[in-house]
Participant: 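Got a structure here, written out as structure tokens. Questions coming.
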Amino acid sequence: MNPPDQEAGFGHLTAVLSPAEIERLIDRLPSLEGSGSRNLLDLAEFAFLARDPRLIGRAEEILEADCRPVRGILFDKTPGRNWGLGWHQDTKIAVKPTEIRPEGWSGWSMKEGVLHAAPPAEVLDRCVALRLHLDPAGPGTGGLRVIPG
């Protein structure tokens, strides 16, 4: 395992799941109306995976704290169904619906029935995103580029 570089802001793990586990997950993926879903944790298989020590344990190592999964997003990008984005940071997180709007939170929106908001920096500092590729992904095929730092 390549530990996350605190200065770079990311790390890279390979072969976290076995080929059989990946195939089982692919077989259980929901059919999509579009190119993705923000509700993957509603499915038992994926909620269980999000709590797998190989994943949640990695988040806890990085943050040096107990962690819990809060959102599972699925993107199904193919050569015929793909999209590009300019450089950006994902700063909105899924939150529980409430009538209270805490100070410092902004950009409230609903995405697929899930409430999202941009929290203050001190909340984002306690978040870590784990990205799991079910298809082979590398320098020529990967869907994510990272700017270190």
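Index from 1, following the sequence. Small disclaimer: the values here were computed from a predicted structure and weren't measured.
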Participant: Donor-acceptor pair, distance only, cut-off 3.5 Å: does the side chain of E64 make one with the backbone of E61?
Facilitator: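 Absent.
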Participant: Looking only at heavy atoms, what is the nearest atom pair of R101 and L115, with distance?
Facilitator: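 Taking every non-hydrogen atom into account, NH1-CD2, 3.8 Å.
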Participant: Identify the two heavy atoms, one from T91 and one from P119, that lie closest to each other, and give their separation to 0.1 Å.
Facilitator: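 In terms of heavy atoms, the two residues are closest at O-CD, 3.2 Å.
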Participant: Consider only side-chain heavy atoms of I, L, V, M, F, W and Y, link residues closer than 4.5 Å, and tell whether L43 and L130 are in one cluster.
Facilitator: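 Result: yes, single cluster for both.
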Participant: Do the side chains of E60 and I56 get nearer than 4.5 Å, heavy atoms only?
Facilitator: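 In short, these two side chains touch, coming nearer than 4.5 Å.
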Participant: Give the cluster check for L17 versus I26: same hydrophobic cluster or not, with ILVMFWY residues linked at side-chain heavy-atom distances below 4.5 Å.
Facilitator: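 Yes, it is one cluster - the side chains of L17 and I26 are joined through contacts under 4.5 Å.
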Participant: How many angstroms lie between atom SG of C127 and atom CG of L63, to the nearest 0.5 angstrom?
Facilitator: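 Reported value, rounded in 0.5 Å steps: 8.0 Å.
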Participant: Using the rule that two of Ile, Leu, Val, Met, Phe, Trp, Tyr join whenever any of their side-chain heavy atoms come within less than 4.5 Å, decide whether L134 and L40 are in one cluster.
Facilitator: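 Looking at the clustering, L40 is in the same group as L134.
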Participant: Given the rule that I, L, V, M, F, W and Y join up when any side-chain heavy atoms are under 4.5 Å apart, are V128 and V123 in one cluster?
Facilitator: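 In one cluster with V128: V123, no.
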Participant: Below 4.5 Å, heavy atoms only, C-beta onward: do K111 and K92 meet side chain to side chain?
Facilitator: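 They are in contact (side-chain heavy atoms under 4.5 Å apart), so the answer is yes.
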Participant: When you group the ILVMFWY residues by side-chain heavy-atom contacts below 4.5 Å and let the links chain together, are L132 and L13 in the same group?
Facilitator: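 The answer is yes; both residues are in one hydrophobic cluster.
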Participant: Taking the side chain as C-beta and beyond, is there a heavy-atom pair between L49 and L25 under 4.5 Å?
Facilitator: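 Yes, close enough: below the 4.5 Å cut-off.
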Participant: Restricting to pairs with a member in residues 18-63, which pass ring-ring contact (aromatic ring centres under 6.0 Å, His included), not counting sequence neighbours?
Facilitator: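 Those involving residues 18-63 do not exist here.
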Participant: At their closest point, which heavy atom of L41 faces which heavy atom of A47, and how far apart are they?
Facilitator: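 The answer is O-CB, 3.4 Å.
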Participant: Can you tell me which residue pairs pass the ring-ring contact (aromatic ring centres under 6.0 Å, His included) test with a partner in residues 52-80, sequence neighbours excluded?
Facilitator: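 Every pair satisfying ring-ring contact (aromatic ring centres under 6.0 Å, His included) with a residue in residues 52-80: F75-W83.
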Participant: Scan for side-chain hydrogen bond (donor to acceptor under 3.5 Å, both in side chains) pairs involving residues 113-126, sequence neighbours excluded, and state none if there are none.
Facilitator: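 Qualifying pairs: R71-H116.
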Participant: Compute whether any side-chain donor of one residue and acceptor of the other, for H133 and D135, lie under 3.5 angstrom apart.
Facilitator: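 There is no such pair (donor and acceptor under 3.5 Å, judged by atom type) between the side chains of H133 and D135.
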Participant: So do the side chains of L55 and V16 get within less than 4.5 Å of each other, counting heavy atoms only?
Facilitator: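 When only atoms from C-beta onward are counted, V16 and L55 do touch, with a gap below 4.5 Å.
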Participant: So, taking the atom named CZ in F10 and the one named CD1 in I147, what distance separates them when rounded to the nearest 0.5 Å?
Facilitator: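 Going from CZ on F10 over to CD1 on I147, the span is 10.5 Å.
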Participant: Got R28 and R24 here, is their nearest side-chain heavy-atom distance under 4.5 Å?
Facilitator: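 Heavy-atom side-chain distance check passes, below 4.5 Å.
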Participant: Checking L124 against I93 for the side-chain contact (heavy atoms from CB on, under 4.5 Å) test, could you report, in this order, the C-alpha distance in whole Å, the side-chain angles of both residues, the deciding distance, and whether it holds?
Facilitator: CA-CA 9 Å; L124 285 176; I93 62 173; 4.1 Å; yes
